[in-house]
Amino acid sequence: MRPDTHALIVIDVQLDFCPGGALAVAGGDEVVAPVNRMMRDYPTVVLTQDWHPPGHSSFASSHAGRAPMSTMDMPYGPQVLWPDHCVQGTEGARFHPGLEADRAQAVIRKGFRPEVDSYSAFFENDHATPTGLEGYLRTRGIEVLTLAGLATDFCVNYSAVDAARLGFDVTVDTEASRAIDLGGSLKAAVDGMCGAGVALV
Ligand code: VGL
Ligand code: ZN
């Protein structure tokens with residue numbers, strides 16, 4: 001068992017990001033077994049859950065004439081427009097049924113504000129609005145984070161870079177993560193994480 005200062009952050013292991021889901025990540029369901037194994041080693045486990053209201057501004061369907069996977073300028077910067085996914089209360093928003101979600105002490109839901117997306121577990125995509133996860137971890141004395149889940153190049157990447165900037169010691173477990181890889185986004189994410197001091201194993 002890891003020391004009490006360590007936590008595992010499991011990013012968005014939800015049905016819509018698994019094969020057959022609305023925004024399926026190739027091999028997304030393959031992270032379930034390694035994540036379950038890792039959870040046994042950590043005294044603190046936090047799950048994140050992408051949790052959008054219907055008509056969310058990150059959905060291509062919310063913008064007339066816009067195709068999924070295109071990019072749109074938002075007041076907070078460029079935003080990829082996604083197929084509708086992880087709508088609050090729907091089957092696709094549920095955790096993968098094989099995920100041992102009962103092991104988690106906290107679940108952070110994100111992306112619930114209609115006008116801004118939230119890739120990171122720490123801040124919304126305006127890079128300013130906190131989710132509260134930093135406070136949760138700090139008040140519990142946690143300093144060392146391992147991240148795993150979906151997707152390596154979006155939510156895992158943004159979460160890892162924010163965590164490193166906040167001063168946490170951060171490792172991403174790439175075997176327990178899978179990427180969307182949209183237009184070179186995986187390479188950019190790996191470079192960005194390495195530049196921010198995130199360890200990739
Ligand atoms: C994610 C795109 C949109 C993710 C969430 O979990 O990586 N990607 N919403
Ligand atoms: Zn989303």
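Each residue takes its place number in the sequence, starting with 1. Whatever order the structure lists them in is the order used to number ligands and atoms, beginning at 1.
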Taking atom types as modelled, is there a side-chain donor on Q79 or N125 under 3.5 Å from an acceptor on the other? yes
Does H52 bring an N, O or S atom to within less than 2.8 Å of the Zn ion (ligand 2)? yes
Residue E115 excluded, over 12 heavy atoms near CD under 6.0 Å: yes
Check L47, D50, T48 against Q14 for a side-chain contact (heavy atoms from CB on, under 4.5 Å) and give me the one that passes. D50
Would you mind checking which non-hydrogen protein atom is closest to atom 6 (O) of ligand 1, with the distance to 0.1 Å? D12 OD2, 2.6 Å
d(D162 CG, F168 CZ) to nearest 0.5 Å is 11.0 Å
Under 4.0 Å from a heavy atom of H85: which atoms of ligand 1 are those, numbered in the order shown and with their elements? 3 (C), 9 (N)
Heavy atoms from other residues, nucleotides or ligands near CG of D102 exceed 12 (cutoff 6.0 Å): no
Would you confirm whether the ring centroid of F17 sits within less than 6.0 angstrom of the ring centroid of H96? no
So is Q14 close enough to ligand 1, meaning a heavy atom under 4.0 angstrom away? no
Which of the ligand 1 atoms, numbered from 1, are nearer than 4.0 Å to a heavy atom of L150: 4 (C), 6 (O), 7 (O)
List the closest protein heavy-atom neighbour of atom 1 (C) of ligand 1: residue, atom name, distance to the nearest 0.1 Å. C155 SG, 3.2 Å
Got an N/O contact under 3.5 Å between W82 and ligand 1? no
With a cut-off of 4.0 Å, which atoms of ligand 1 are near a heavy atom of F154? 7 (O), 8 (N)
How are the rings of H52 and F59 set relative to one another: parallel (under 30°), tilted (30 to 60°) or perpendicular (over 60°)? perpendicular
Is the distance from the Zn ion (ligand 2) to the nearest N/O/S atom of H85 under 2.8 Å? yes
Is it the side chain, the backbone, both or neither of V156 that has a heavy atom closer than 4.0 Å to ligand 1? neither
Contacting atoms of ligand 1, where contact means under 4.0 angstrom from a heavy atom of A151: 4 (C), 6 (O), 7 (O)
Ligand 1 to F17, heavy atom cutoff 4.0 Å, flagged ligand atoms 1 (C), 4 (C), 5 (C), 6 (O), 9 (N)
Is the CZ atom of R94 crowded by more than 12 outside heavy atoms at less than 6.0 Å? no
Would you say that more than 12 heavy atoms from the other residues, nucleotides or ligands in this model lie under 6.0 Å from the CG of D4, or not? no
Could you identify the N, O or S atom of D50 positioned closest to the Zn ion (ligand 2)? OD2
